[in-house]
There are 2 protein chains.
Amino acid sequence: MNQTGIPDIIVGRLPKYLRALQNMTSGGIVKTSSQELGNYLGISAAQIRKDLSQFGEFGKQGTGYSVPVLIQELQRILKVDRVWDMALVGAGDLGHAIARYQGFIDCGFVIKLVFDADPQKIGQPLGTFVIQDIADLVTAVQASNIEVAMITVPPQAAQSVADLLVKAGIKAILNYAPVTLNVPGDVHVQHIDPVIHLQHMTYYLE
Amino acid sequence: MNQTGIPDIIVGRLPKYLRALQNMTSGGIVKTSSQELGNYLGISAAQIRKDLSQFGEFGKQGTGYSVPVLIQELQRILKVDRVWDMALVGAGDLGHAIARYQGFIDCGFVIKLVFDADPQKIGQPLGTFVIQDIADLVTAVQASNIEVAMITVPPQAAQSVADLLVKAGIKAILNYAPVTLNVPGDVHVQHIDPVIHLQHMTYYLE
DNA sequence: TAGATTGTTAATCGATTAACAATC
DNA sequence: TAGATTGTTAATCGATTAACAATC
């Protein structure tokens with residue numbers, strides 16, 4: 001799963017560095033330091049330097065890092081110096097919101113296919129897409145060479161959708177359904193569940 | 001921030017245990033073991049036992065854990081044996097999807113107020129809510145004694161919304177905007193950003 | 001130059017795992 | 001009882017931090 005030997009916990013921080021640097025760019029900042037970046041992210045400067053040093057030497061003693069250079073390097077490392085096509089499965093409220101979200105493209109992602117099982121929805125437009133029958137998922141995804149998918153179906157349907165996606169050759173799944181997915185070892189899964197985050201915080205309240 | 005001395009990384013796993021147990025209940029399972037639960041979540045049995053042992057002795061040697069008992073204990077520990085009122089700020093596509101989401105209430109949360117800054121949206125219905133003017137946020141949130149909020153506004157507006165929420169006495173923020181929020185130390189922030197998860201996975205692809 | 005900041009090493013800190021006595 | 005599984009301890013493993021020589 002981890003071909004390069006870089007700890008996954010470090011890989012997981014790189015997208016956060018990238019986002020912070022892109023936010024800095026929007027603010028017109030072109031130079032930064034591990035100190036400044038760490039301050040912004042609530043992470044120690046030493047950790048940022050150590051993380052980056054796993055991949056190369058991107059800074060200069062005395063002056064720090066060039067923001068555009070570091071952005072470029074991180075995009076290359078994370079393989080988002082290209083655009084990844086994605087399939088979206090589940091055209092409910094959340095699926096609609098995600099299909100219309102404008103924030104993917106500048107980060108290396110674009111939705112290409114949208115599926116649902118509901119006959120009422122199949123054939124309907126969703127933004128610039130036409131909702132396709134989930135029965136055609138395997139064929140359509142295979143034909144498009146898509147490797148990344150998002151699941152926004154009800155929890156009971158999520159595992160069977162995951163099975164279809166795996167069959168279609170998908171290698172990365174972002175799962176919005178509140179269930180643990182069972183997939184082969186070569187398929188990556190990440191999970192988004194607002195309730196998990198809310199319950200994490202309520203522990204500390206009162 | 002961590003009053004009880006329990007490591008935050010352990011607290012963060014408890015909601016996952018709770019969700020897994022609730023999924024088991026839906027499947028009619030009433031007994032489980034650290035082995036089975038760990039298997040389901042991809043976590044070691046030893047870690048689950050160690051985590052739980054921080055809070056008490058909830059199992060029985062030889063037989064494992066009662067699912068409903070463990071659910072109850074976790075709900076108590078996470079303080080979701082009650083219902084937390086929430087404010088939602090941002091009535092765009094994502095805000096709409098979240099406002100309509102049915103998965104909060106059984107997990108200890110209910111949206112009570114929805115705000116937006118757009119005059120076109122203020123006064124409009126959103127599900128069972130009426131979208132309120134963000135100018136009234138501080139007064140309305142204070143009057144309702146709400147401590148938990150979700151931010152689903154565009155990135156440029158997120159920090160100023162966070163400032164308003166802090167002013168209104170909010171102590172926990174779930175932030176969907178792709179920016180780092182600056183808040184006082186007694187305010188908890190959790191962040192949801194699909195791009196971060198996608199970029200984490202693309203590192204391993206190809 | 002003097003000041004600042006990197007990349008890296010060694011030391012510290014904390015989290016995970018293995019193992020097992022206790023006991024249901 | 002015999003088998004299974006807990007709660008917990010000690011050992012291992014890995015991640016973070018502190019410190020500093022190198023150098024821009």
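Sequence lines set the chain letters: A, B, ... in the order given, protein chains first and strands last, and positions in each chain run from 1.
In this structure, the CD atom of A:Q54 is 11 Å from the P atom of C:dT9, given to the nearest Å. Counting to the nearest Å, the C1' atom of C:dA15 and the CG atom of B:D51 are 10 Å from each other. One atom, NZ of A:K60, and another, P of C:dT6, lie 12 Å apart when rounded to the nearest Å. Protein atom CD of A:Q47 is 19 Å distant from nucleotide atom P of C:dT5, rounded to whole Å. Remark: P of D:dT5 and CG of B:L37 are 13 Å apart, rounded to the nearest angstrom. Counting to the nearest Å, the P atom of D:dT8 and the CD1 atom of B:I48 are 16 Å from each other. We find that CG of B:L52 is positioned 16 Å from P of D:dT5, with the value rounded to whole Å. Computed from coordinates, the B:E36 CD to D:dA4 P distance equals 15 Å when rounded to whole Å.
For A:R49, a side-chain nitrogen or oxygen approaches OP1 or OP2 of C:dT6 to under 4.0 Å. At the phosphate of D:dT6, OP1 or OP2 sits under 4.0 Å from a side-chain N or O atom of B:S34.
Across all strands shown, D:dA22 forms a Watson-Crick or G-U wobble pair, both distances under 3.5 Å, with C:dT5. Pairing for D:dT16 is with C:dA11, a Watson-Crick or G-U wobble pair whose two hydrogen-bonding atom distances lie under 3.5 Å.
In terms of position on DNA chain D, the residue among A:G62 and A:I10 whose nearest nucleotide sits closer to the 5' end is A:I10. Residues A:K50 and A:Q61 each lie close to DNA chain C; by heavy-atom proximity, the contact nearer the 5' end of the strand is made by A:Q61. Checking B:G64 against B:A46, the closest nucleotide of DNA chain D that is more toward the 5' end is the one next to B:G64.
The closest side-chain donor-acceptor pair between A:Y40 and B:N182, if any, does not fall under 3.5 angstrom. Side-chain atoms of A:D163 and A:Q159 form a donor-acceptor pair, as typed in the model, at a separation below 3.5 Å.
Proximity note for A:I9 (side chain, C-beta onward) versus D:dT16, C:dA15, D:dT8: the nearest is D:dT16. Side-chain atoms of A:Y65 lie closest to C:dT6 of the nucleotides C:dT6, D:dG7, D:dT16. Each of D:dT5, D:dT17, D:dT8 was ranked by its minimum atom distance to the side chain of A:S44; first place goes to D:dT17.
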Practice task
Show your reasoning for whether salt bridge (charged side-chain N to carboxylate O under 4.0 Å, His left out) applies to B:E206 and A:R82.
Solution key: CA-CA 12 Å; B:E206 205 91 314; A:R82 68 205 77 171; 3.4 Å; yes
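Counting all heavy atoms, side chain and backbone alike, A:D116 lies closest to A:G92 at OD2-N, 4.1 Å. Smallest separation of non-hydrogen atoms from A:I98 and A:I111: O-CD1, 3.7 Å.
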